**Q** 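Please find one structure pasted underneath; my questions will follow.
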Amino acid sequence: DVKVTQSSRYLVKRTGEKVFLECVQDMDHENMFWYRQDPGLGLRLIYFSYDVKMKEKGDIPEGYSVSREKKERFSLILESASTNQTSMYLCASSSGEPGETQYFGPGTRLLVL
Amino acid sequence: AQKVTQAQTEISVVEKEDVTLDCVYETRDTTYYLFWYKQPPSGELVFLIRRNSFDEQNEISGRYSWNFQKSTSSFNFTITASQVVDSAVYFCALSEALSFQKLVFGTGTRLLVSP
């Protein structure tokens with residue numbers, strides 16, 4: 001079974017803090033993705049990576065950055081957390097073939113006070 | 001531009017009822033992929049099905065079935081004899097072949113199945 005894990009299920013941070021969300025997959029997948037989920041908006045793509053040290057902006061990259069130093073690990077960074085970044089963050093991974101299924105982690109609920 | 005519409009925000013049924021979740025998509029690509037995911041209260045998205053644009057065969061998996069119709073750009077999901085454990089938010093998603101696996105999600109349909 002594909003396993004995608006995220007470092008925290010719940011996180012509470014203060015405005016202005018630097019926040020790291022970690023994601024690890026164990027299926028040797030080339031592609032990894034970060035989404036945020038908000039009520040009424042579905043899931044929106046923040047960043048994705050198709051290879052180590054490679055990254056591409058998604059639909060809502062503002063206020064975020066990412067890091068992929070190893071194939072199995074993809075980090076989402078909030079340089080200076082703001083209250084409008086309170087959300088559910090979901091990580092996913094997939095193989096490199098077109099149309100392949102993305103497998104998701106359990107999600108991190110982030111609250112920024 | 002690709003878009004997925006799930007017009008039903010929330011559906012409530014009683015156990016053993018059949019229920020259909022609607023999904024309408026927009027794409028200019030001729031090769032694309034459609035997905036359904038289930039998100040139970042725990043929060044993790046669980047993959048249910050993947051369909052490519054060249055395969056319009058309907059699919060049945062136990063109590064679940066999917067009806068893909070290119071003529072109406074729809075990919076509807078039916079649960080037969082619903083159960084309380086089916087209560088979740090269900091997402092339909094679209095990926096175009098040239099979009100580097102970027103998934104575009106609908107806003108989801110919350111299904112509540114009561115005993």
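Every value quoted in this text rests on a predicted model; they were computed, and no experiment measured them. Chain A is the first sequence line, chain B the second, and so forth, proteins listed ahead of strands; every chain is numbered from 1.
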**Q** For residues B/Phe77 and B/Ile11: do they belong to one hydrophobic cluster (side chain heavy atoms under 4.5 Å, members Ile, Leu, Val, Met, Phe, Trp, Tyr)?
**A** yes
**Q** For B/Tyr37, which atoms come within 4.5 Å of any heavy atom of chain A: side chain, backbone, both, or neither?
**A** side chain
**Q** When only heavy atoms count and the cut-off is under 4.5 Å, which of residues 33-40 of chain A reach chain B?
**A** A/Phe33, A/Tyr35, A/Gln37, A/Gly40
**Q** Select all residues of residues 7-22 of chain A having any heavy atom within less than 4.5 Å of some heavy atom of chain B, and report them by number, or 'none'.
**A** A/Arg9
**Q** I need the A/Gln102 CD to B/Ser95 OG distance, nearest 0.5 Å.
**A** 7.0 Å
**Q** Verify the neighbour count for atom CD1 of B/Ile60: are there more than 12 heavy atoms of other residues, nucleotides or ligands below 6.0 Å?
**A** no
**Q** Determine whether more than 12 heavy atoms belonging to other residues, nucleotides or ligands lie under 6.0 Å from atom NZ of A/Lys57.
**A** no
**Q** In the single-linkage hydrophobic clustering (I, L, V, M, F, W, Y; side-chain heavy atoms under 4.5 Å), do B/Tyr64 and B/Val13 co-cluster?
**A** yes
**Q** Under 4.5 Å between side-chain heavy atoms, counting indirect links through other Ile/Leu/Val/Met/Phe/Trp/Tyr residues: same cluster for B/Leu48 and B/Leu94 or not?
**A** yes
**Q** Counting only heavy atoms not in A/Arg44 (residues, nucleotides, ligands), do more than 12 fall under 6.0 Å from its CZ?
**A** yes
**Q** Honestly curious: do B/Phe68 and B/Tyr33 fall in one hydrophobic cluster under the side-chain, below-4.5 Å linking rule?
**A** no
**Q** Assess the residue pair B/Leu103 and A/Phe48 against the criterion (side chain to side chain contact (heavy atoms under 4.5 Å, CB included)); give the C-alpha distance rounded to whole Å, side-chain angles, the decisive distance to 0.1 Å, and a yes or no.
**A** CA-CA 11 Å; B/Leu103 274 179; A/Phe48 64 100; over 6 Å; no
**Q** According to a hydrophobic-cluster definition based on side-chain heavy atoms being under 4.5 Å apart (Ile, Leu, Val, Met, Phe, Trp, Tyr only), do B/Val4 and B/Leu111 belong together?
**A** yes
**Q** Flag the pair A/Phe104 / B/Phe47 as yes when their ring centroid distance falls below 6.0 Å, and as no otherwise.
**A** no
**Q** Heavy-atom distance under 4.5 Å between the side chains of A/Leu90 and B/Glu44, does that happen here?
**A** no
**Q** Could you check if a side-chain atom of B/Leu45 sits within less than 4.5 angstrom of a side-chain atom of A/Leu43, using non-hydrogen atoms only?
**A** yes
**Q** Below 4.5 Å from any heavy atom of chain B, which atoms of A/Ser95 appear? Answer side chain, backbone, both or neither.
**A** backbone
**Q** Under 6.0 Å from the CZ atom of B/Arg63, do we count more than 12 heavy atoms belonging to anything else shown?
**A** yes
**Q** Tell me, side chain or backbone of B/Gln39 under 4.5 Å from chain A's heavy atoms, or both, or neither?
**A** side chain
**Q** For B/Glu10, does the CD atom have more than 12 heavy-atom neighbours from other residues, nucleotides or ligands under 6.0 Å away?
**A** yes
**Q** Hey, mind stepping through B/Lys102 and A/Glu56 against side chain to side chain contact (heavy atoms under 4.5 Å, CB included) and telling me if it holds?
**A** CA-CA 11 Å; B/Lys102 289 173 64 174; A/Glu56 293 286 340; over 6 Å; no
